[in-house]
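Below is one structure, written out as structure tokens; the observations come after it.
Throughout, a chain's letter reflects where its sequence line sits, starting with A, and its residues are numbered from 1. None of these values were measured; they are calculated from a predicted model.
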2 protein chains.
Amino acid sequence: MPDPDEAYLQIGEVAERTGVTQRTLRFYEEKGLLGPPTRMDGGFRLYSEQDVKRVEHIRRLQDLLGVALAEIKEMVDAEEVLRELRAQYRPDSAIDEKRRQLERAIDVVQGQYGIVKQKTEQMEEMKAQLKERLRTFDRWMKELNELEAKEPVAPG
Amino acid sequence: MPDPDEAYLQIGEVAERTGVTQRTLRFYEEKGLLGPPTRMDGGFRLYSEQDVKRVEHIRRLQDLLGVALAEIKEMVDAEEVLRELRAQYRPDSAIDEKRRQLERAIDVVQGQYGIVKQKTEQMEEMKAQLKERLRTFDRWMKELNELEAKEPVAPG
DNA sequence: TCTTACCTTGACGTAGGCGTTAAACCGCGC
DNA sequence: GCGCGGTTTAACGCCTACGTCAAGGTAAGA
């Protein structure tokens, strides 16, 4: 039940805005990374702003974590659980069910957090090494310049 | 001209120590990520400790940055330039040449540093988002628990 | 010398992540 | 109602990063 107020976008516009190809959007749909979009009468796909954000999120995960789409699917699926959780806010009944979903969501996000945290730590380490290297090179460069100062250019 | 003192390793041992398959080692060689190793009379590849480190480095880059091998090749090639630079350190003659090499090395390492820096920043951002999310979940969970406290379980 | 484990090249296979093309259909201005 | 561009599904292609045989050569101990 999509919000009728929402401005819907055709695949071409979504492609342009997200920087992926139309083929990629259909491919993600095929692989379950994007839910089946609403269609207009003729069958054309209609995407929401939510869909656009989702695509952007997928690409960030792909770029940053460099993991397979299957893993990304798990991640975005987990987010869908949350959205449902929020949508289904009926204060009656099924509190236990909600709690279970919430616990599952927490597990997933904690897992993601762990991965990202470990990666950042390793990358910080690498960054420090590179920085150190740059300092070394600068030192060498200085030494070269001093050497040249003492020993004039083209001594012949 | 490899160091005769060095203990050489066959492909199997390198595979075991680095955790990649022999196929992968040959593949990296084929793609130029590893230089052609020395061989024993029968044709068996002989690797040095340097090679082992290089493989480990390649894998770190692959894991961390998640970039294609082609890009990784550029990075390790750049490091080779540095190694040559250090090896060719003849304090006489060709100061300008040295300076050019050094400048090139600095460029390369600055490029690597830029990549790593950008990625760490993006990952820090993602980490912050995940953390925020976890806080939200905890809040929700608390709310659920309070809700249950007021409204006793299974009211029938 | 024989065995056995390890190694060689070569060739084909595969999973993921799309690109590309084809042939038909839809929407819309005129 | 025509033209034209955006969209549809389906199918095949391609590149990466290896895996997996296959068929044989090598090293080294019994």
Quick one: is B/Arg26 getting a side-chain N or O under 4.0 Å of the C/dT8 phosphate, OP1 or OP2? yes
Sort and list the pairs that fulfil salt bridge (charged side-chain N to carboxylate O under 4.0 Å, His left out) and have at least one residue in residues 58-76 of chain B, not counting sequence neighbours. B/Lys73-B/Asp77
Is B/Lys53 paired with B/Glu56 through a side-chain N to carboxylate O contact shorter than 4.0 Å? no
So, B/Arg104 and B/Asp107, do they make that salt bridge, N to O below 4.0 Å? no
Once you round it to whole Å, what is the distance between C1' of D/dA17 and CG of B/Leu34? 14 Å
Determine, for nucleotides 15-30 of chain C in 5'-to-3' order, which nucleotides have protein heavy atoms under 4.0 Å from the base (write B), from only the sugar-phosphate (write S), or from neither (write -). --BBBB-----SS---
Per the salt bridge (charged side-chain N to carboxylate O under 4.0 Å, His left out) rule, what does the pair list look like for residues 25-35 of chain B, sequence neighbours excluded? B/Glu29-B/Arg39, B/Glu29-B/Arg45
Round to a whole Å and report the spacing from CD of B/Glu13 to P of C/dA5. 18 Å
Given atom CG of B/Leu46 and atom C1' of D/dA27, what is their separation to the nearest angstrom? 12 Å
Expressed as a whole number of angstroms, how long is the span from B/Leu61:CG to D/dA17:P? 13 Å
What integer distance in Å separates B/Glu29:CD from C/dC7:P? 14 Å
Rounded to the nearest angstrom, tell me the gap between atom CG in B/Leu9 and atom P in C/dC6. 15 Å
B/Glu103 bridged to B/Arg100 by N-O distance under 4.0 Å: no
Whole angstrom value for the distance that separates P of D/dT7 from OH of A/Tyr8: 17 Å
Check A/Arg17 with A/Glu49, please: is the shortest side-chain N to carboxylate O separation under 4.0 Å? yes
